Amino acid sequence: MAKEQLPSRSQDFSDWYNRLVLRAELADYSPVRGCMVVRPYGWALWENIQSALDQRFKATGHVNAAFPVFIPFSFMEREREHVEGFSPELAVVTIGGGEELEEPLVVRPTSETIIGHMYAKWIKSYRDLPVLINLWNSVVRWEMRTKLFLRTTEFFWQEGHTAHGTEDEARAETLQMLDVYADFAENEAAVPVIKGRKSESEKFAGAKTSYSIEAMMGDTRALQAGTSHNLGQNFARAFEIRYLDQENELQYCWTTSWGLSTRFIGAIIMVHGDDQGLIMPPRLAPYQAVIVPIFRNDDERSQVMENIASIQSQLSNLRVKLDDRDGLTPGYKFNDWELRGVPLRIELGPKDVSEGTVTLARRDQPGKKGKTVVKQEGLTDVVGDVLDDIHASIFQRAQAFLDENTHQPEDYAGFIEVVRSGWADVWWCGDSECEAEIKEETKATTRCIPLDQPSGEGTCIHCGQPASERVIFARAY
RNA sequence: CGGGGUGUAGCGCAGACCGGUAGCGCACCGCGUUUGGGACGCGGGGGUCGGCGGUUCAAGUCCGCCCACCCCGACCA
């Protein structure tokens, strides 16, 4: 059986990514341009992401609901910036049941408008507030250039939509959900992120202020991994979302929205993956451990399989896969599961049966380096500890990579050099034209203005004007 | 939409310049031997050569048009 090598990450990162997604059976291309099929292994990962996020949403008082895919075209036009931002990428339905529609229907690119319409209907009094609804759905944006998980015509996500009685409460909600995303990214996906505010030109179409968590991929490019928007009263005014306060005065609501998509799967792949394939973060991995049986004959087979049954019952609190496929050598299975990124492999052969051991192999330490032989007794605790350790170790590795590749250049010449292969953390004036010039000259854009700011002031890295904030510039996906 | 590339078995490719029985590796099916880091032998099955049209006795191959996908740019979670 020949080795089918992936292209190496350093040699061709993009090719490595595309082939890995296909080979690991996370997703496949669909017959429609720019659309993807999420295969069971990819969807299992998404389900674990959903569950980790959903628990956090519920814990912060949100409830789930479902809104329709179709939105009256005119709704999109109610908020000026929103329509300007989204009109180039709308899919529009003009025929239904063979008849030309009186009003075209937009396939939702996001649900702020229809949410606005419904909230206006539901909210009458301060007693109705806050409204804290989340949607798990898919949306369609007609992208010019697509890439599996990172940017597809249709993608799956959640969108939270909340309405509040005060500006402070809406701001607090926006920041709270940003924290939820950061907590999820770091503690579930082992992906270190920078929390920050978006620049004027990078903010969501229709938002007052947008925030994001930004992650560094293995090629040092940045990926916006989740966003939270303070919509101010923009949508409340456009859709007349109003309530009577305690003084019987009519007030506009303050609304927010926040989303995290299947794009995050792309982040997991590009942050943790190596030349052998995926490395799934243990808390989200579809399979946290895979058991590979080893035997030479039927006799050994039955002994090994019997032993495995007791191992499985010891590990019943974990997501464990038994690879009992016939006709494949253990070596083949080792490589196969490494490609698919299963964090921990448990090998069990005749030697282990007679000695009451199993052989553990950590995915974050490829090859024989990551192997240890441990007693079957007490395996539950050992496996739990190893999985925690893998989480910590891949997080630290990613954090170190982020730190090593984030630089503080002193002048623009240094800046140009830095953003070729990393992030620049610099003083910036905040001016959109200055930002556009930097993008034109270096392909780097503002990723975010970190919430965590040093004290003091400086001068803009590009135009030299006074600057009060430091900003992350990077080439982005 | 501009620039580049690719379409031949499920996947990866050769064949094309020079027209003449459609091939190779992997995967798949059967039998046997194997199995602690991508096993081996033998025997099989599988193709409107992206589509349409043209040239020719004859087209995967030459000519024209079209389509799809990928990569690089402009737009974006």
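Treat the numbers as computed from the prediction; the structure is a model and nothing was measured. Here is how names work: the chains are called A, B, and so on, in the same order as the sequence lines, proteins then strands, and each is numbered from 1. Computed from heavy atoms alone, side chains included, the values below leave out hydrogens, waters and symmetry copies.
- Qualifying salt bridge (charged side-chain N to carboxylate O under 4.0 Å, His left out) partners for A:D324, counting only residues two or more places apart in sequence or in other chains: none.
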Give each protein N/O atom lying under 3.5 Å from an N/O atom of nucleotides 4-13 of chain B, with the pair distance.
none

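- We find that A:K375 and A:E355 are not joined by a salt bridge, their nearest charged nitrogen and carboxylate oxygen being 4.0 Å or further apart.
- Applying the ring-ring contact (aromatic ring centres under 6.0 Å, His included) test to every pair with at least one member in residues 197-219 of chain A, sequence neighbours left out, gives these pairs: A:H82-A:F204, A:F86-A:F204, A:F204-A:H229.
- For the C1' atom pair drawn from B:C72 and B:C63, the interatomic distance equals 30 Å after rounding to whole Å.
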Please list each protein N or O that sits under 3.5 Å from an N or O in nucleotides 73-75 of chain B, with the distance.
residue: B:G73; atom: OP2; partner: A:R145; partner atom: NH1; Å: 3.2

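- Nucleic acid contact for A:Y477: none, since no nucleic acid atom lies under 4.0 Å from a heavy atom of the residue.
- Side-chain atoms of A:R345 and base atoms of B:G37 include a donor and an acceptor less than 3.5 Å apart.
- The base of B:G38 lies outside donor-acceptor range of the side chain of A:T329, with no N or O pair under 3.5 Å.
- Taking only distance into account, the side chain of A:D352 meets the base of B:G36 through a donor-acceptor pair shorter than 3.5 Å.
- Comparing the P positions of B:U61 and B:A9 gives an interatomic distance of 15 Å, to the nearest angstrom.
- At the heavy-atom level, A:F204 lies nowhere under 4.0 Å from the strands shown.
- When the P atom of B:A77 is taken as reference, atom CG of A:L150 falls 13 Å away, rounded to whole Å.
- Note on residues 176-196 of chain A: pairs passing ring-ring contact (aromatic ring centres under 6.0 Å, His included), not counting sequence neighbours, are A:F184-A:F264.
- Checking A:S212 against A:Q224 by side-chain atom types alone, no donor-acceptor pair falls below 3.5 Å.
- Judged purely by atom type and a 3.5 angstrom limit, A:R319 uses its side chain to pair as donor or acceptor with the backbone of A:A285.
- Within the 4.0 angstrom heavy-atom criterion, base atoms lie near A:T152.
- We find that the ring of A:Y332 and the base of B:G37 do not stack by the test of centres under 5.5 angstrom and planes tilted less than 30°.
- Nearest-nucleotide positions on RNA chain B for A:S201 and A:G331 put A:G331 closer to the 5' end.
- Considering only residues two or more places apart in sequence or on other chains, A:E441 meets the salt bridge (charged side-chain N to carboxylate O under 4.0 Å, His left out) condition with none of them.
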